[in-house]
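Take a look at the structure set out below.
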Number of protein chains: 2
Amino acid sequence: MHILTAEARTHYLEKYPIHDFFSFDIEPYLEVCQFDKGEWIFQEGSFPETLYYMIEGKAKLYMTHKNGKVSLIEYLEAPRFMGEIELLNEARYTKGIQTVTKTICYSITQSCKEKLLADALFLRRLCVFLGEKATKITAKYTQNQAYPFENRLAAFIQLSADQGVYKEKHTEICEYLGVSYRHLLYVLAQFCEEKILEKRKSGYHIIDEKRLAQLSQEIQ
Amino acid sequence: MHILTAEARTHYLEKYPIHDFFSFDIEPYLEVCQFDKGEWIFQEGSFPETLYYMIEGKAKLYMTHKNGKVSLIEYLEAPRFMGEIELLNEARYTKGIQTVTKTICYSITQSCKEKLLADALFLRRLCVFLGEKATKITAKYTQNQAYPFENRLAAFIQLSADQGVYKEKHTEICEYLGVSYRHLLYVLAQFCEEKILEKRKSGYHIIDEKRLAQLSQEIQ
DNA sequence: TAAAAAATATGAGATATCTCACATTATTGT
DNA sequence: ACAATAATGTGAGATATCTCATATTTTTTA
């Protein structure tokens, strides 16, 4: 992680205004910083002392279980807060967050913690953010247990395909969707067999859009 | 649902003080109400116009999927807010909430919505509540996909057993834990076979506490 | 650019979990 | 007190999903 210079700072603050999040001047407490691809923003189990607001980039939220199994819990995409739970509660240790791409964040030091926690404007925005977060997680996991993997995968392919081509990393996606690597490959092969997808060098091409939509619509 | 009289109102307000949630006087906007066992607090799909704070009782949060499958998402236990997401966002329709026992709530009309959304004291408490909610849901569902049902059931039995006896309703629990009724019965039978539980008229008695703890501790 | 590490691929066998059908109690409303 | 409804219990067969072993290809790193 490194902190950006005055020029870059000005540029980002103009591009992604944040002043209206607060009813006091946040600039003295704010820095613009950059994480390289693959860098860890929070180490799992640490006690973070900074509130981040991600403005560009993408990261993954991880958690390691006692049995050593690692779950990819969520993709975090800009714009969003990180470390907000730790701001509200004392001494909460965090899950791990690792960037997927180069990521730019506003970092807000906890030296203005008191001010933040007394600022209705900021708190209201945080409430909305947290509420949406809870709703989204609930929806995702409720689906997970109510639908077979086939439907969830179809939905995910629709969501993540670019120009009709699906080319995510299997190792990552099987974690995210909560199935084994083997099973993901099985179902992808099955989609190919059923002529819904076609596997080429460039990725899995969607050839039966309609059928895919049908499968995924059983969810939404 | 019916609204309690002045005496009862005073009694509850003394027993469960709520004044310090707000920096203004909430009493003019507040009523104490009671829901009977099995009554619906929110009908699924409706647009609630009241913020509730449950002070006594227990309820279940439900959601119906497109395919007709119903998920029991969460047990809601006092004390907690209900309808807070709908207060923050315009026109959000809600999931269904049905009481399990007689339930007492403070109901807060949306006529003080503006005041609430400008009150840092209240918003801060709401943030903490929402943050915990998100954390809890994440933990629950992350476990769901990382551990086989055997472990989760062991943990749930430990949690819900009363004096060493487990006697929840199967129909409800299989929904909550996200498995079929049949499978729940299988695993309970398996626990009996392994002499972890013993089935009697009064319920399933825990006879091998140690082994049960072992199974469930693989999670926590 | 060679070696190491990560990602992809596939087979085979095990098991966790589901669906459906049906019988037997409890519980509840009238 | 009786009918209706909900909850419990069990068998059998299907299938969704996992584990493990092993080979190949791609990407990363020294």
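Naming: A, B, ... by sequence-line order, numbering from 1 per chain. Side chains included, hydrogens not; waters and symmetry mates left out as well; all remaining heavy atoms used.
- Judged by closest nucleotide on DNA chain C, A:R182 is the one of B:R182 and A:R182 placed further toward the 5' end.
- Cation-pi geometry between A:R152 and A:Y147 is not satisfied (NZ or CZ under 6.0 Å from the ring centre, within 45° of the ring normal).
- Taking both residues in full, the closest heavy atoms of B:I207 and B:K195 are given as CG1-O, 3.3 Å, listed atom of the first, atom of the second, then distance.
- Counting heavy-atom neighbours within 6.0 Å of A:E194 CD, excluding the residue itself, gives a total above 12.
- Proximity of residues 183-200 of chain B to DNA chain D (heavy atom under 4.0 angstrom from any strand atom) is restricted to B:L185, B:Y186, B:K199.
- Surrounding CD of A:E49 are at most 12 heavy atoms belonging to other residues, nucleotides or ligands under 6.0 Å away.
- Judged by the 6.0 Å and 45° rule, B:K58 forms a cation-pi pair with B:Y75.
- Taking the six-membered ring where tryptophan is involved, the planes of B:F156 and B:Y166 are perpendicular, since the angle between them exceeds 60° and thus also 30°.
- Below 30°, between 30° and 60°, or above 60°: for B:F47 and B:Y93 the angle between ring planes is above 60°, a perpendicular geometry.
- Rounded to 10 degrees, the angle between the two end axes of the helix from C:dT1-D:dA30 to C:dT30-D:dA1 is 70°, with five pairs used at each end.
- Other residues, nucleotides and ligands contribute more than 12 heavy atoms inside 6.0 Å of the CD atom of A:E39.
- Note on A:F149: only backbone sugar-phosphate atoms sit closer than 4.0 angstrom, heavy atoms only; bases stay farther off.
- Using bins of under 30°, 30° to 60° and over 60° for the plane-to-plane angle, the ring pair A:Y16/A:Y12 lands in the parallel bin.
- Within residues 168-179 of chain B, the residues approached by DNA chain D to less than 4.0 Å at the level of any non-hydrogen atom are B:K169, B:H170, B:T171, in residue-number order.
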